[in-house]
Amino acid sequence: MGTTAKKQNKWLTFMIICLTCGVITELPYLRWALYEPLREALGQSNTEFGMSMSLFGMLAAILYIPGGWIADRISHRKLFATSAIGCGLLGLWFSTMPSFQATMIIHALWAITNIGMFWPAMTKAVSLLEEKEGQGKIFGLFEGVRGVFVLVMWLALMQVFERMGGIRAVILALAILSIIAGVVSFFFMADNTSQGTSSDTSVIKDMMTALKTPSAWLVAGVIFTIYAAYSASSYMQSYGETVLGMSAVAAGYVGILRKDVIRLIGAPISGFISEKMGGRCTLLIGIFDVLFVISLAIFLILPVGAEYTAITVAIMLVSSFAIYGMRGMYYAIIGEIGTPKKIYGAVAGFAMFIGFLPDAFNSTLCGYWLDAYPGAGGYRMIFIYMMVLIIVNIVLVLILLRYMQKNKAQIETNKLELAESEA
């Protein structure tokens, strides 16, 4: 295959990854965009509503490890197709507004389709598109382009929500889009069959290799604190509706602006900055940490009132810029520590197992705070929690930077060996 053809194939694969990821992640996390309408349609309390997401997160955390092993062995094209179609079929069931028990089953199955079969494969598929020095750029670009897909999709979905049947119509539309994304993945996505990108050892051996890598534990901690804060930040939208008095539609559009518009700006910018910094993604995360802490501190001292709505929304956007800047980098640091691509899935699976554990408890914890401290009090607990998480993240970043400096020679050796094996 010629250079031009390889480049075209690379970017076609990249666009399919962004499209598929952008679509299928919205169904399990629909509450992040339309929290109150979905909760009310299901007829659940905040605590009950959080339990299905916690089950999803608990099972997802377990599935990241075998998911990483699978990503090192099975065609990404087949994994993408199966997971997206499965996600869509479950979405069709979810659109019937099932019972609490059925909702729990659907979220358990989504953990299999959307995480175990998809997420580590997606992360590895993106990493294979660039060399080590370009990891920050490609992951930042991935977050941004995925954000474009999601933004356009949600602008259309909000029209569906307002004019064509409310939350049920939104779920149906997402389910159909997910199935279409699976079909597109199967017929047009390239397979990951390059030499040196697949492991031929057992899951236990690959995972032991990951567990023996001290920096993998630090990376897992960095992802954990960022993701926990990111997950909790989804309540900023319902804060606008329940505390600031916004309508569900207005709060929905603020959510789109905060979650999707800012993502397509913040993540690519962080990726290109990291490239200018020589791929120093960990350091860049630390810089975004400081921006997030400052913005959230201002947010916490602002008085509650309709007259402060504009400045509150502005601060939400600044904190979202910081959090998406971090998200654009936290997969890239797996490459920054010199992880060989043949066990990239295993290391990523382990880091995600630890890093995404907040999905197992964040929704239930935040739901409990909202029920126990009605009004602004519950949200204040959530925002303080976010502040503490990012302060811990700063400490972990400093430790990881020190570790990489101390082991610079070994990391460079690992990168050189990988380059020679792929030559």
Side-chain angles (χ1 to χ4, degrees), residues 32 136 139-140 143-144 147 218 221-240 243-244 246 251 254-274 276-277 280-330 332-333 355 358 362 366 369 376-402:
W32 289 17
F139 275 106
E143 283 287 341
L218 290 170
V222 169
I223 295 176
F224 177 94
T225 46
I226 292 174
Y227 187 74
Y230 164 74
S231 173
S233 74
S234 67
Y235 289 89
M236 286 183 171
Q237 182 173 328
S238 57
Y239 174 82
V243 177
L244 299 181
M246 296 180 180
V254 168
I256 291 172
L257 184 62
R258 187 189 65 79
K259 184 172 70 73
D260 300 317
V261 175
I262 295 300
R263 171 165 53 192
L264 68 88
I265 296 171
I269 287 177
S270 69
F272 285 106
I273 293 175
S274 77
K276 297 297 182 183
M277 294 171 62
R280 301 185 69 188
C281 305
T282 307
L283 177 60
L284 188 55
I285 286 174
I287 294 171
F288 281 117
D289 278 339
V290 174
L291 177 61
F292 186 87
V293 168
I294 292 172
S295 63
L296 201 60
I298 297 171
F299 189 87
L300 283 167
I301 64 175
L302 271 179
V304 176
E307 64 271 28
Y308 296 100
T309 298
I311 188 169
T312 300
V313 170
I315 294 170
M316 286 182 186
L317 299 183
V318 173
S319 66
S320 296
F321 176 81
I323 206 76
Y324 278 109
M326 295 180 227
R327 275 176 57 85
M329 296 294 100
Y330 67 20
I333 60 178
N362 249 24
C366 293
W369 280 332
Y379 289 99
R380 185 171 183 84
M381 294 290 290
I382 293 172
F383 300 145
I384 291 172
Y385 169 61
M386 292 162 59
M387 172 84 80
V388 172
L389 286 165
I390 296 303
I391 290 173
V392 173
N393 185 261
I394 291 173
V395 174
L396 291 172
V397 163
L398 292 173
I399 295 172
L400 186 56
L401 286 170
R402 183 177 179 182

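In this text the structure is predicted, and so the values were computed from the model without any measurement. Both backbone and side-chain heavy atoms feed into the values below; hydrogens, waters and symmetry mates do not.
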_Euclidean distance, Ile223 CD1 relative to Leu396 CG, rounded to 0.5 Å_ = 11.5 Å

*asked:* Checking Tyr379 now: which residues fulfil ring pair (Phe, Tyr, Trp, His ring centres under 6.0 Å) with it, not counting sequence neighbours?
replied: Tyr239

*Minimum-distance pair of heavy atoms, taken over all atoms of Gly355 and Tyr227*: O-CB, 3.7 Å

*asked:* List the residues meeting side-chain hydrogen bond (donor to acceptor under 3.5 Å, both in side chains) with Tyr235, not counting sequence neighbours, and say none if there are none.
replied: none

*Compare all side-chain heavy atoms of Met236 with those of Ser319 and state whether any distance is below 4.5 angstrom.*
yes

*What residue pairs, at least two apart or across chains, pass side-chain hydrogen bond (donor to acceptor under 3.5 Å, both in side chains) with a residue in residues 293-302?*
none

*Just jot down the side-chain contact (heavy atoms from CB on, under 4.5 Å) partners of Leu300, sequence neighbours excluded, or say none.*
Arg380, Phe383, Ile384, Met387

_Given Phe292, which partner from the list Ile294, Val290, Asp289, Leu296 fulfils the side chain to side chain contact (heavy atoms under 4.5 Å, CB included) test?_
Leu296

*asked:* Among residues at least two apart in sequence or on other chains, which ones pass side-chain contact (heavy atoms from CB on, under 4.5 Å) with Ala314?
replied: none

*asked:* Working to the nearest 0.5 angstrom, can you tell me the gap between Ile273 CD1 and Ile287 CD1?
replied: 8.0 Å

_Show me the pairs that pass salt bridge (Lys or Arg N to Asp or Glu O under 4.0 Å) and involve residues 317-327, at least two apart or across chains._
Glu143-Arg327

*Partners meeting side-chain contact (heavy atoms from CB on, under 4.5 Å) with Ile399 (sequence neighbours left out)*: Leu218, Val395

*Rounded to the nearest 0.5 Å, what separation is found between the CG atom of Leu389 and the CD1 atom of Ile394?*
11.5 Å

_Going by the rule ring pair (Phe, Tyr, Trp, His ring centres under 6.0 Å), which residues pair with Phe321 if we only count those two or more places apart in sequence or in a different chain?_
Phe288

*What is the minimum heavy-atom distance between Ser234 and Arg258, and which atoms define it?*
CA-NH2, 3.5 Å

*Do any pairs count as a salt bridge (Lys or Arg N to Asp or Glu O under 4.0 Å) and have a residue in residues 222-235, sequence neighbours left out, and if so which ones?*
none

*Mind checking the CG-OG1 spacing from Leu302 to Thr309? Nearest 0.5 Å is all I need.*
10.5 Å

*Please list all pairs passing the side-chain hydrogen bond (donor to acceptor under 3.5 Å, both in side chains) test where one or both residues lie in residues 385-394, with sequence neighbours left out.*
Thr225-Asn393, Asn362-Tyr385

*Could you tell me which non-hydrogen atom of Ala232 sits nearest to which non-hydrogen atom of Ile382, and how far apart they are?*
O-CG2, 3.8 Å

*asked:* With a sphere of 6.0 Å drawn around CG of Leu398, does it hold more than 12 non-hydrogen atoms of other residues, nucleotides or ligands?
replied: yes

*Side-chain heavy-atom pair Met326, Ile390 within 4.5 angstrom cut-off*: yes

*Got a second to check how far Leu400's CG is from Leu283's CG, nearest 0.5 Å?*
11.0 Å

*Euclidean distance, Ile323 CD1 relative to Met386 CE, rounded to 0.5 Å*: 6.5 Å

